[in-house]
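Notes follow the structure.
Sequence lines set the chain letters: A, B, ... in the order given, protein chains first and strands last, and positions in each chain run from 1. Every heavy atom of this structure was used, including side-chain atoms; hydrogens, water molecules and symmetry mates were not.
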There are 2 protein chains.
Amino acid sequence: MFIKILGSAAGGGFPQWNCNGLHSSNVRAGKAGYRARLQSSLAVSDNGRDWVLLNASPDLRQQINETPELHPDRNGARRNSPIKAVVVTNADVDHITGLISLREGQPFTIYGSDRVLATLNANSIFNVCAPDKVARKAFDLDRPTALEGAGVDVGLVVEAFAVPGKIALFLETGNAGGNFGSRDGDTIGLKITSATSGKAFFYVPGCAEIDAPLAARLKGADLLFLDGTLFTDDEMVSQGLSAKTGQRMGHISISGPEGSVEAVKPLAIKRRIYVHINNSNPVLDETSQARKFVDASGWEIGYDGMEITL
Amino acid sequence: MFIKILGSAAGGGFPQWNCNGLHSSNVRAGKAGYRARLQSSLAVSDNGRDWVLLNASPDLRQQINETPELHPDRNGARRNSPIKAVVVTNADVDHITGLISLREGQPFTIYGSDRVLATLNANSIFNVCAPDKVARKAFDLDRPTALEGAGVDVGLVVEAFAVPGKIALFLETGNAGGNFGSRDGDTIGLKITSATSGKAFFYVPGCAEIDAPLAARLKGADLLFLDGTLFTDDEMVSQGLSAKTGQRMGHISISGPEGSVEAVKPLAIKRRIYVHINNSNPVLDETSQARKFVDASGWEIGYDGMEITL
C-alpha cells in the first residue's frame with residue numbers, strides 16, 4: 001500500500017493568506033528551518049495505479065499538479081485520471097472544497113457520512129461534480145466498505161468511526177456550544193486496509209480527545225496519522241491570532257499531560273505521524289524546542305510529498 | 001492604476017487535472033513554448049497598497065502566495081491583508097470558489113450582481129466568509145459604484161454591464177438552452193476606473209458575442225481584457241475533449257469572420273489582451289500558427305504575473 005501526504009497543514013495552509021504571525025511571516029520570508037505546507041489531504045493506492053484521496057483540500061489542483069502519480073495517463077484517453085475515489089472525513093472547508101476542482105465530467109466516487117453528504121447536497125456548487133458521473137456514497141460508521149470508483153475496485157477497504165470533535169465551523173449555529181467535544185459523527189477517523197496485503201493504517205486529522213474507545217481502536221496499529229493542529233491548547237490565544245483554544249476548535253494538543261503524545265504512549269503504535277498542522281504550531285520551526293520534543297517522543301512531523309509504503 | 005494578472009486560464013486551469021489532450025500533456029511534460037496558467041483572475045490597485053480582486057479563482061491561495069503585493073504587511077497587525085474587495089462577474093466555479101479561501105475573519109467586501117450574490121447566499125459554504133465581517137454588496141448594472149472594503153475607499157470605481165453569455169454550468173437546468181447567448185445579467189463585463197487619474201479599462205472574461213451595445217461601450221478604450229477561451233468554435237469537439245462548441249459554452253472565438261479579432265478591429269482599442277484561455281486553445285503553444293495570427297493582429301496573450309500600469 002502506497003501513501004503520500006498531499007498536504008500537511010491545517011485549514012488555511014502554511015502560510016495562511018492573511019496571517020502575519022511569527023511562523024507564517026517567517027515561511028513567507030524563506031527563513032531556514034521552515035517549509036510551506038498545503039492543506040490537509042492524503043493519497044492512497046494499493047496497486048500504485050488507482051488512487052484514493054482522503055479529504056479534498058482547497059489546494060487540490062496544486063496538489064495534483066505537484067504529484068505525478070495523480071496525473072492522467074499519457075497513454076490513456078483524452079480525459080482520464082488515476083483518482084478513483086475521495087473519502088471525506090468531515091464538512092470543514094479544508095476537507096471538501098477541493099471536490100469543486102474535480103469537475104470536468106470525470107467519473108469517480110465521493111464517500112462520506114450521511115452528515116457530510118447532506119452538506120454537499122445542500123450546496124449546489126458541488127453539482128460541478130455532476131451526480132450522473134460522480135457517485136456519492138454514504139458509509140455506515142464502524143463497518144468496512146470496499147472502495148470503488150469509475151467501475152474499478154481499488155483494493156482498499158475503509159472503516160469510518162466517530163471521534164470526539166465538533167461540527168464544521170461554517171455550519172455552527174448559535175447553540176453549537178453543546179456540540180464541542182461531541183461524538184455525534186460530525187468528525188470521523190478512518191481505518192484504511194489493503195485488501196491484498198491486509199495491512200492497515202489510521203487517519204484521524206481532526207480529534208478533540210483520545211478517549212477510551214479511540215485508544216482501544218488504535219492499540220497496536222502499524223501506522224497512525226493524527227491531528228497535530230496545535231502544540232499547546234492556548235497557543236492561538238497567546239500568539240494573538242485568535243480568541244479560540246484548541247478545545248473550542250475540537251483539536252487535541254500535542255504536548256501536556258492531556259496531549260496526544262502522552263495519550264498515545266501506552267498504545268504501542270509502530271509509526272506515528274502528525275498532520276493537519278496549524279500555522280501557530282511551534283513545531284513548524286525545525287529548530288524549536290517543541291520540534292525537538294516531538295522528535296524525541298518518537299513521533300514524526302508529516303510534510304507535503306512524504307511517502308510511506310506499508 | 002496597477003493591474004496584475006493572477007490567472008490567465010479558463011476554468012480548470014492549464015494543465016487541467018484530468019486532461020490528456022495535446023496542450024495539457026505538453027505543458028505537464030515541460031515542453032518548450034508552453035507555460036502553466038492558473039485560473040481566471042486579475043488584481044487591481046489605484047495606490048499600490050489596497051487591492052481589489054476581479055474574480056476569485058479556485059487557485060486563489062496559490063495566487064496570493066505567488067504575488068507579494070497581496071501578502072500581509074509585515075509591519076501590520078497579526079492578521080491583515082491588502083485585499084479589500086472582490087468583484088465577481090458571474091457564478092462560474094472558476095470565478096467564485098476562491099472566496100472560500102478568504103476566510104479567517106478578515107474584513108473585505110464582495111461585489112456582484114443580485115444573481116451572483118443569490119448563488120453565494122444559497123450555498124452555505126460561503127459563510128466561511130462570515131457575513132458580519134465580509135459585506136456582500138449588489139451593484140446595479142450600468143451604474144458606477146465606488147469600491148470600498150474594511151472601511152477603506154480604494155479609489156476605484158466599477159461599472160458592471162451585461163454581455164451576451166449564459167448561466168453558470170452548475171446552475172443550468174433542463175431548459176437552460178434558451179439562456180445561451182442571452183443578455184440576462186448572468187454574465188457581466190466590468191469597467192474599472194481610477195478615481196484619481198480617471199483612466200479606465202474593461203474586463204470581459206466571458207462573452208458570447210461582441211454585439212452592437214458592447215462594441216459601442218468598448219470603442220476607443222485604453223485597455224481591454226477579453227474572453228480568449230477558444231481560438232475556433234469547434235476546437236474542443238475536434239480535439240476529442242468535449243461535445244460542446246464555444247457558442248454552447250457562451251464563449252466567442254478568437255479567429256474567424258465572427259471572432260473577436262475581427263469584431264474588435266473597428267473599435268480602435270489601444271491595448272487588447274486575451275485572458276480566460278482554455279486548455280484546448282492552440283495559442284497556448286507559442287510556436288503555433290494560431291499564436292502567430294494573434295501576435296500579428298496586435299492582440300496580446302495574457303500570462304500569469306503580467307503587470308500593466310495605466
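- Proximity of B/Ile100 to A/Pro58: side-chain heavy atoms (C-beta onward) are nowhere separated by under 4.5 Å.
- Most heavy-atom pairs under 4.5 Å with chain A, from the set B/Cys129, B/Gly240, B/Ser24: that is B/Gly240.
- Of the atoms belonging to B/Pro82, not a single heavy atom falls under 4.5 Å from chain A.
- Residues A/Asn20 and B/Asn75 form no side-chain contact, since every pair of their non-hydrogen atoms from C-beta on lies 4.5 Å or further apart.
- Considering only heavy-atom pairs separated by less than 4.5 Å from chain B, the leading option among A/Gly21, A/Gly12, A/Gly105, A/Ala122 is A/Gly12.
- Put simply, CZ on B/Arg103 and CG on A/Asn18 are 10.0 Å apart, with the number rounded to the nearest 0.5 Å.
- Counting heavy-atom pairs closer than 4.5 Å to chain B, the top residue among A/Gln16, A/Gln239, A/His71 is A/Gln16.
- From A/Cys19, atom SG reaches atom CZ of B/Arg79 across 4.5 Å, with rounding to the nearest 0.5 Å.
- Heavy-atom distances place the side chain of B/Ile83, and not its backbone, under 4.5 Å from chain A.
- For the options B/Leu22, B/Leu60, B/Leu102, heavy-atom pairs under 4.5 Å to chain A are most numerous at B/Leu102.
- Interface residue B/Leu241: backbone and side-chain heavy atoms are both found under 4.5 Å from chain A.
- Only the side chain of B/Arg28 comes within contact range of chain A, with heavy atoms under 4.5 Å apart.
- With a threshold of 4.5 angstrom between heavy atoms, B/Ala130 does not approach chain A through any atom at all.
- Although no hydrogens or angles enter the test, the distance criterion places no donor-acceptor pair under 3.5 Å between the side chain of A/Asp59 and the main chain of B/Arg61.
- Between atom CD of residue B/Glu66 and atom CD of residue A/Gln62 there is a gap of 7.0 Å, rounded to the nearest 0.5 Å.
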**Request:** Report the C-alpha separation of A/Thr97 and B/Ile125 in whole Å, then their side-chain angles, then the decisive distance to 0.1 Å, and conclude whether the side chain to side chain contact (heavy atoms under 4.5 Å, CB included) test is met.
**Result:** CA-CA 9 Å; A/Thr97 302; B/Ile125 192 169; 4.0 Å; yes
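- Judged purely by atom type and a 3.5 angstrom limit, A/Trp17 has no side-chain atom pairing as donor or acceptor with the backbone of B/Ser81.
- The part of B/Asn65 that comes within reach of chain A is its side chain, from C-beta onward, which places non-hydrogen atoms under 4.5 angstrom from that chain.
- Atom CG of residue B/Asp94 and atom OG of residue A/Ser101 lie 10.0 Å apart, to the nearest 0.5 angstrom.
- For A/Ala36, no part lies near chain B; criterion is any non-hydrogen pair under 4.5 Å.
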